[in-house]
Amino acid sequence: MDEGKSTNENPIESKPKNFIYEIIDEDIRTNKLGGRVHTRFPPEPNGYLHIGHAKSICLNYGIAEHYGGKFNLRFDDTNPEKEEQEYVDSIIEDVKWLGANFEDRILYASDYFEQMYNWAVELIKKGKAYVCDLTANEIRATRGTLTEPGIESPYRNRSVEENLNLFERMRKGEFPNGSKTLRAKIDMASPNFNMRDPIMYRIVHAEHHRQGDQWCIYPTYDWAHGLEDSFERITHSICTLEFENHRPLYDWFLDELGIYHPQQIEFARLNLSYTVMSKRRLLQLVKDSYVDGWDDPRMPTISGYRRRGYTPEAVRNFTEIIGVAKRDALTDISLLEFAIREDLNKNAQRAMAILRPLKVIMTNYPDQVEELDAVNNPENPIAGTRKVPFTKELYIERTDFMENPPKGYHRLMPGGEVRLRYAYIIKCEEVIKNSQGEVIELRCTYDPETKSGTGSSKKKVKGTIHWVSAKHAVETEVRLYDRLFSSENPGAEENWLEHINPNSLEIIPSALVEPFLKNAKPGNRFQFERHGYFCVDTKYTTSEKLVFNRTVTLKESWGKTENQK
RNA sequence: UGCCCCGUGGUGUAAUUGGCAACACGUCUGACUCUGGAUCAGAAGAGUUCAGGUUCGAGACCUGACGGGGCAGCCA
């Protein structure tokens, strides 16, 4: 991942990027963890990764890279009922795409099950864990409330021998789901709920996506997570705020076991305006078909953004821009849009595309095809130029003509002039309407003295519009995306699903694009001039028809000022 | 109601660890422009939730209030 301009060569001398870097700087200075830095990204394979995960990945990998340390990808696969191989595969793909380098370290918590089991036995032997026969309801009922302590389980004081025996039989599969748990013996009166004899193992007779039916007891997250980090000798276990209250429990386990102790640091998860960011909700959008899969371009998933045309560079840069802190915040989507525009402006090939065509006939133009030169990317001269065919019959954008334009409109109008990009200045001489009174065609004249690039034009016009030659244009499908939700913070609404934006997808079945685009390949990105950035869809594009996804619009200042008038 | 965390322009983050608020996005001007884009120049916008306290000096430290978030899954 490229390190931005803000960071110096010497990691220890450079100014810390955020409070986590400060902590690590200090740890290195005091040699607290042997001066090592080893981070990890520990997703549960129960859904696709979203932009919030990207923040975590970039943070963790960025730290490893910055300090010359290592970065692990580790699946926290401790719940067979929710996890699937499909999710594992997608996560690996997404992390790689983002550019976080875990080398050969794709690790799985489930590979440590035997070790965890042994550690649990150790705790039982120390008298620090016991098998409890209470049902889920009974456990809930005896946990206490915010102000009252819990009640100790009647099974809390079983002998070590009995616990050992029972725990072994749990593993052997002698008991049905939910009939017994292994609990840590800590403190039912602790003000911290996590310390009220938390559950370490539950009985789940389910097939695990990697372990098959090897196990019928599964470690809970609270028991497993700190052990995983310890086992991998992670130095800094970076996680989100909601695990802050769990830290004392992880510390307790590690200390009772007397094993290597990573340092946990919590940061605020990303919330993005006009979208939801919980896997539970994203899953519902997918399962109930509000969207077309996890990689629907309207989804805030990494695969969704990828399909929409975002680049890994832009996503990384976005995570850099938003920073890292401990206060929860709602990040404005405009920061993400800035990141992708900045990238694509520099790198995207330009093209002309007509989304809503209006026919224009140049009455004084000969029956010929002229090959005009067009710049591929004004931000990058090396990108060169291309030829665009120009004929007397063209299509322009419907919105680039107005019969009765408001003040300040400087595109085409009756009797008005406008420049056709890379071509000539034309004048609208006649407006043709159908029987409904709708404008269906314009008759224009062109001024041969105004050809682009010749410097021969004495005329100046306010507007330049794009166009496409009628007989050369390629018909394609274009998909315009808008925000998926109309509420700024849908997750906070009473019924979040009611705030889905009904117009989040508009399909234009036959847009007309420049001929060179017919060779575009899925994933290729372009700027359609004056519209925005688009990429060739990887899912619906066929050899017959290209489908373009709009990644993001161009900034538009005309509409804004218009609204203020 | 108990415990934990947090509170800086519209948004996201900074502030050399106590020296009197900076950057980015957004917004608004103006210049330039064959993309109403980009670029360039500039502007507005917070006195740091509030009240006390410590100090020559507080956004930073202390106390209390207020506000926001998290925690009562055999989810993670």
Side-chain angles (χ1 to χ4, degrees), chain A residues 6 15 17-18 22 42-44 46 76 78-79 81-82 132 134-136 139-141 143-150 177-183 190-196 198-204 217-218 220-222 224-225 239-248 266 268 270 273 279-280 320-339 341-342 345-346 350 352 375 378-379 408-411 419-423 425 450 452-453 457 460-466 527-532 553-562 564:
Chain A
S6 53
K15 185 182 161 196
K17 270 199 274 195
N18 56 54
E22 268 178 58
E44 183 191 16
N46 67 343
D76 209 331
T78 57
N79 185 353
E81 294 180 312
K82 290 187 176 172
C132 182
L134 257 27
T135 65
I139 287 181
R140 190 185 321 118
R143 190 158 12 231
T145 68
L146 294 177
T147 50
E148 308 155 47
N177 285 357
S179 59
K180 286 182 166 45
T181 57
L182 183 74
R183 292 227 259 168
S190 172
N192 182 345
F193 270 85
N194 299 303
M195 305 300 274
R196 321 246 262 222
I199 286 158
M200 297 164 60
Y201 278 93
R202 71 281 212 188
I203 299 172
V204 181
I217 56 172
Y218 288 91
T220 57
Y221 178 89
D222 277 347
H225 199 82
C239 63
T240 43
L241 255 26
E242 67 269 29
F243 296 108
E244 207 152 28
N245 290 338
H246 297 240
R247 180 152 32 91
E266 306 86 7
L270 170 68
S273 61
K279 279 204 251 181
R280 198 203 99 229
E320 205 64 42
I321 289 168
I322 59 176
V324 178
K326 288 196 75 163
R327 69 179 112 140
D328 37 24
L330 183 60
T331 299
D332 198 298
I333 191 78
S334 68
L335 297 189
L336 214 209
E337 293 179 344
F338 164 76
R341 284 197 189 103
E342 185 187 43
N345 174 50
K346 278 187 305 221
R350 312 283 126 123
M352 293 193 283
V375 174
E379 305 296 317
Y409 184 83
H410 45 246
R411 279 110 96 170
R419 158 145 247 129
L420 292 179
R421 175 135 242 229
Y422 301 125
I425 290 175
T450 58
S452 287
S457 174
K460 277 281 183 192
V461 287
K462 273 282 188 54
T464 298
I465 65 173
H466 55 100
Q527 182 197 99
F528 289 171
E529 294 205 27
R530 305 208 303 130
H531 281 301
T553 61
L554 250 28
K555 279 175 67 179
E556 172 66 276
S557 51
W558 162 244
K560 285 174 189 165
T561 43
E562 205 29 36
Q564 287 166 0

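What you see is a predicted model; the values in this text were computed from it and never measured. Residue numbers start from 1 in every chain, and the chains themselves are labelled A, B, ... in the order their sequence lines are given, proteins ahead of strands.
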Is the closest side-chain heavy-atom distance between [X] and [Y] below 4.5 Å?
X      : Y      : value
A:I139 : A:I199 : yes
A:N194 : A:P248 : no
A:N46  : A:N79  : no

Nearest whole angstrom, please: distance from the [atom2] of [N] to the [atom1] of [X].
X      : N      : atom1 : atom2 : value
A:E266 : B:rA76 : CD    : C1'   : 15 Å
A:N18  : B:rA15 : CG    : P     : 10 Å
A:K82  : B:rA76 : NZ    : C1'   : 8 Å
A:L335 : B:rU13 : CG    : P     : 10 Å

Heavy atoms only, 4.0 Å cut-off, all strands: where does [X] land among base, sugar-phosphate and nothing?
X      : result
A:N245 : base
A:T331 : sugar-phosphate
A:P378 : base
A:Y422 : base
A:L330 : sugar-phosphate
A:H410 : base
A:A325 : sugar-phosphate
A:Y218 : nothing
A:H466 : nothing
A:Q527 : base
A:T135 : base
A:V324 : sugar-phosphate
A:L134 : base
A:T145 : base

Distances under 3.5 Å between nitrogen or oxygen atoms of protein and nucleotides 60-66 of chain B:
none

For the side chain of [X], starting at C-beta, report the closest nucleotide among [options].
X      : options                : value
A:R530 : B:rA76, B:rG26, B:rU35 : B:rU35
A:T147 : B:rA15, B:rC6, B:rG2   : B:rG2
A:A329 : B:rU13, B:rA14, B:rG37 : B:rU13
A:E44  : B:rG69, B:rC75, B:rG36 : B:rC75
A:R140 : B:rC75, B:rA72, B:rG7  : B:rA72
A:I321 : B:rA24, B:rC74, B:rU35 : B:rA24
A:E556 : B:rU13, B:rG36, B:rG70 : B:rG36
A:F193 : B:rC5, B:rC71, B:rU13  : B:rC71
A:I139 : B:rU1, B:rG12, B:rC74  : B:rC74
A:N345 : B:rG37, B:rC74, B:rG2  : B:rG37

Please determine whether a side-chain nitrogen or oxygen atom of [X] lies at a distance below 4.0 Å from atom OP1 or OP2 of [N].
X      : N      : value
A:R143 : B:rC74 : yes
A:R196 : B:rA72 : no
A:K15  : B:rA14 : no
A:R202 : B:rA76 : yes
A:R327 : B:rU8  : yes

Write down the distance separating the [atom1] atoms in [N] and [M], rounded off to the nearest Å.
N      : M      : atom1 : answer
B:rG64 : B:rG19 : C1'   : 27 Å
B:rG36 : B:rU49 : P     : 44 Å
B:rC62 : B:rA24 : C1'   : 34 Å
B:rU48 : B:rG9  : P     : 10 Å
B:rA60 : B:rG26 : C1'   : 28 Å

| request: Tell me which of A:A268 and A:H531 sits closer to the 5' end of RNA chain B, going by the nucleotide each one is nearest to. | output: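 Here A:A268 is the residue nearer the 5' end.
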| task | Name the residue closer to the 5' end of RNA chain B, choosing between A:P191 and A:H225 according to the nucleotide with the nearest heavy atom. | result |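 Final value for this comparison: A:P191.
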| B:rU1 base to A:E148 side chain: any donor-acceptor pair below 3.5 Å? |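 Donor-acceptor pair under 3.5 Å: no.
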| query | Is the base of B:rG69 touched by the side chain of A:E244 through a donor-acceptor pair closer than 3.5 angstrom? | reply |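 When only heavy-atom distances are counted, A:E244 does not reach the base of B:rG69 through any donor-acceptor pair under 3.5 Å.
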Syn or anti for [N], with syn set at within 90° of 0?
N      : answer
B:rG73 : syn
B:rG47 : syn
B:rU63 : anti

Any donor and acceptor pair, going by atom type alone, linking the side chain of [X] with main-chain N or O of [Y] inside 3.5 Å?
X      : Y      : value
A:S273 : A:I333 : yes
A:R202 : A:N177 : no
A:R196 : A:R143 : yes

| request: Starting from the C-alpha separation in whole Å, work towards a yes-or-no answer on side chain to side chain donor-acceptor pair (under 3.5 Å) for A:S334 and A:D332. | output: CA-CA 5 Å; A:S334 68; A:D332 198 298; 3.0 Å; yes
| Under 4.0 Å between a Lys/Arg side-chain N and an Asp/Glu carboxylate O for A:K82 and A:E44? |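 So A:K82 does not pair with A:E44 through a salt bridge.
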| message | So that I can tick it off, tell me whether A:E266 and A:R247 are bridged by a salt bridge, with the cut-off set at under 4.0 angstrom between side-chain N and carboxylate O. | response |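 Counted as a salt bridge, because a side-chain N and a carboxylate O are separated by less than 4.0 Å.
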| request: Carefully, step by step, assess A:R530 and A:R421 under the rule side-chain contact (heavy atoms from CB on, under 4.5 Å). | output: CA-CA 11 Å; A:R530 305 208 303 130; A:R421 175 135 242 229; over 6 Å; no
| With Watson-Crick and G-U wobble geometry limited to distances under 3.5 Å, how should the secondary structure of RNA chain B be encoded in dot-bracket form, using | for bases paired to another strand and [ ] for crossing pairs? | .((((((..((((.....[..)))).(((((.......))))).....(((((..]....))))))))))).....
| Do the ring centers of A:H246 and A:H225 come within less than 6.0 Å of each other? |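 No, the ring centres sit 6.0 Å or more apart.
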| Whether A:W558 and A:H410 hold their rings parallel, tilted or perpendicular, with breakpoints at 30° and 60° |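 Geometry flag for A:H410 against A:W558: tilted rings.
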| request: Write down the atom of A:Y218, the atom of A:T78, and the distance for their closest heavy-atom approach. | output: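 Minimum heavy-atom separation between A:Y218 and A:T78: CB-O, 3.5 Å.
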| request: Could you check A:L554 against A:F528 for side-chain contact (heavy atoms from CB on, under 4.5 Å), going step by step and ending with a plain yes or no? | output: CA-CA 9 Å; A:L554 250 28; A:F528 289 171; over 6 Å; no
